Amino acid sequence: LDNDEINKRVRRAMKIVGLDYEEYKEKSPFEISGGQKRRVAIAGVVAMQPQILILDEPTAGLDPKGRDDILSKIVDLYKENNMTIILVTHSMEDVAKVANRIIVMDKGGCILDGTPEKIFKEIEILESVGLAVPQVTYLVRELRNKGFDVSQDIFTVEKAKQELLRILKKN
């Protein structure tokens with residue numbers, strides 16, 4: 001690529017990940033936070049315009065705001081670029097926020113494959129391989145066990161909030 005194309009791609013990629021090109025172009029990696037380093041790394045890959053992006057534990061070690069920021073940018077990449085994104089993680093909280101398909105692997109093989117709604121109903125299987133459903137899913141299960149008419153398809157805090165408001169309005 002010529003320098004103009006490289007510059008254009010880098011500026012676009014930095015914008016996509018929410019970083020100002022002018023502010024970061026001369027900074028050393030030692031001068032920026034962990035979340036900013038992740039964004040710069042993602043921007044570097046995005047600038048290459050891949051059709052498939054594989055991210056291995058992109059939120060590990062980040063504070064809650066940093067996690068939410070990175071996940072939000074991943075969703076934006078998916079929506080704006082029609083890009084296939086494979087997110088490798090043990091964080092079912094992260095998966096619940098962004099995935100439209102989940103593949104659970106154990107010992108090199110696929111043991112579950114489906115939508116979050118389908119996968120997060122398989123609590124025992126997930127736990128048997130050292131994973132868990134999102135914490136809010138355990139809360140919903142307890143509410144159902146106590147007789148509340150709560151949907152089983154809740155695995156994010158936002159969905160739980162909407163469902164609880166629905167129940168409160170009904171009663």
Side-chain angles (χ1 to χ4, degrees), residues 13 16-18 34-35 37-39 41-171:
I16 286 170
V17 299
K37 286 177 188 174
R38 300 246 167 109
R39 288 182 188 205
I42 292 170
V45 174
V46 168
M48 292 185 270
Q49 300 179 345
Q51 292 179 352
I52 300 171
L53 181 62
I54 301 172
L55 301 171
D56 187 10
E57 301 284 359
T59 62
L62 297 179
D63 61 37
K65 183 180 180 335
R67 294 174 78 86
D68 288 345
D69 287 348
I70 290 291
L71 292 173
S72 172
K73 295 302 175 189
I74 291 169
V75 170
D76 290 347
L77 275 171
Y78 168 74
K79 288 179 179 175
E80 294 170 13
N81 299 286
N82 197 26
M83 182 185 296
T84 298
I85 300 176
I86 300 171
L87 180 67
V88 179
T89 185
H90 291 85
S91 171
M92 295 300 106
E93 309 293 334
D94 290 352
V95 169
K97 291 178 183 175
V98 301
N100 54 30
R101 179 180 176 199
I102 300 171
I103 299 172
V104 179
M105 302 196 60
D106 184 46
K107 297 178 183 150
C110 174
I111 60 169
L112 293 171
D113 182 355
T115 64
E117 293 85 0
K118 176 183 172 196
I119 300 301
F120 290 142
K121 287 178 183 169
E122 302 295 342
I123 295 172
E124 290 76 22
I125 294 173
L126 291 168
E127 288 177 342
S128 75
V129 295
L131 296 172
V133 294
Q135 290 179 350
V136 73
T137 306
Y138 291 111
L139 171 65
V140 168
R141 182 172 68 172
E142 282 304 308
L143 289 171
R144 289 183 62 75
N145 289 342
K146 301 255 187 238
F148 289 90
D149 182 26
V150 182
S151 170
Q152 290 182 2
D153 293 336
I154 296 174
F155 46 87
T156 66
V157 171
E158 185 58 35
K159 283 185 180 180
K161 177 182 136 185
Q162 291 169 3
E163 182 71 358
L164 293 175
L165 288 172
R166 181 192 66 78
I167 291 169
L168 288 172
K169 286 179 186 175
K170 190 168 93 173
N171 294 332

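Treat the numbers as computed from the prediction; the structure is a model and nothing was measured.
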Nearest-0.5 Å distance, CG of residue Leu139 to CD of residue Gln135: 10.0 Å
If I take atom OG1 from residue Thr84 and atom CD1 from residue Ile52, how far apart are they, to the nearest 0.5 angstrom? 5.5 Å
Measuring from Leu55:CG to Leu77:CG, what's the distance to the nearest 0.5 Å? 8.0 Å
Would you check if the side chain of Glu163 reaches a backbone N or O of Ser151 as a donor-acceptor pair within less than 3.5 Å? yes
Could you tell me if Arg67 and Ser91 have a donor-acceptor pair between their side chains, going purely by distance under 3.5 Å? yes
Please determine whether the number of non-hydrogen atoms from other residues, nucleotides or ligands lying under 6.0 Å from atom NZ of Lys118 exceeds 12. no
side-chain contact (heavy atoms from CB on, under 4.5 Å) between Lys73 and Ile42, intermediate numbers included: CA-CA 10 Å; Lys73 295 302 175 189; Ile42 292 170; over 6 Å; no
Tyr138 atom OH, neighbour heavy-atom count above 12 within 6.0 Å: yes
Should Asp69 and Lys65 count as an ion pair when the cut-off is N to O under 4.0 Å? yes
So, Glu57 side chain and His90 main chain: donor-acceptor pair closer than 3.5 Å or not? yes
Minimal heavy-atom distance between Thr59 and Arg38, with the atoms involved, is C-NH1, 3.4 Å
Within this structure, what is the CD1-CD1 distance for the pair Ile111 and Ile125, rounded to the nearest 0.5 Å? 6.5 Å
One pair to check against side-chain contact (heavy atoms from CB on, under 4.5 Å): Lys121 and Asp153. What are the steps and the verdict? CA-CA 8 Å; Lys121 287 178 183 169; Asp153 293 336; 3.0 Å; yes
Option among Ile85, Val17, Asp94 that satisfies the side chain to side chain contact (heavy atoms under 4.5 Å, CB included) test with Ile74: Ile85
Are Asn81 and Val46 packed together at the side-chain level, in the sense that at least one heavy-atom pair is separated by less than 4.5 angstrom? no
What's the spacing between Ile16 CD1 and Asp76 CG if we round to 0.5 Å? 9.0 Å
Please find the pair of heavy atoms, one from Leu62 and one from Gly34, that lie closest to each other, and give the distance. CD2-C, 3.9 Å
How about Glu127: does its CD atom have over 12 heavy atoms from other parts shown lying under 6.0 Å from it? yes
Residues Ile119, Phe155; criterion side-chain contact (heavy atoms from CB on, under 4.5 Å); working and verdict: CA-CA 10 Å; Ile119 300 301; Phe155 46 87; over 6 Å; no
May I have the step-by-step check of side-chain contact (heavy atoms from CB on, under 4.5 Å) for Val150 and Arg144, ending in yes or no? CA-CA 6 Å; Val150 182; Arg144 289 183 62 75; 4.1 Å; yes
Quick one: closest heavy-atom pair of Tyr78 and Asn100, and the distance? OH-ND2, 3.1 Å
More than 12 heavy atoms of other residues, nucleotides or ligands under 6.0 Å from CG of Asn145: yes or no? yes
Contact between Asn82 and Gln51 at the side-chain level, heavy atoms closer than 4.5 Å - yes or no? no
Can you tell me how far CG of Asp56 sits from OG1 of Thr89, rounded to the nearest 0.5 angstrom? 8.5 Å
Which atom names give the shortest non-hydrogen contact between Val98 and Leu87, and what distance separates them? CG2-CD2, 3.7 Å
Taking all atoms of both residues into account, what is the closest heavy-atom pair of Glu93 and Val133, and its distance? OE2-O, 4.3 Å
Got a donor-acceptor contact below 3.5 angstrom from the Thr115 side chain to the Ile102 backbone? no
Tightest non-hydrogen contact, residues Thr137 and Phe120, listed as CG2-O, 4.1 Å
Are the side chains of Ile154 and Lys159 in touch, meaning some heavy atoms are under 4.5 Å apart? yes
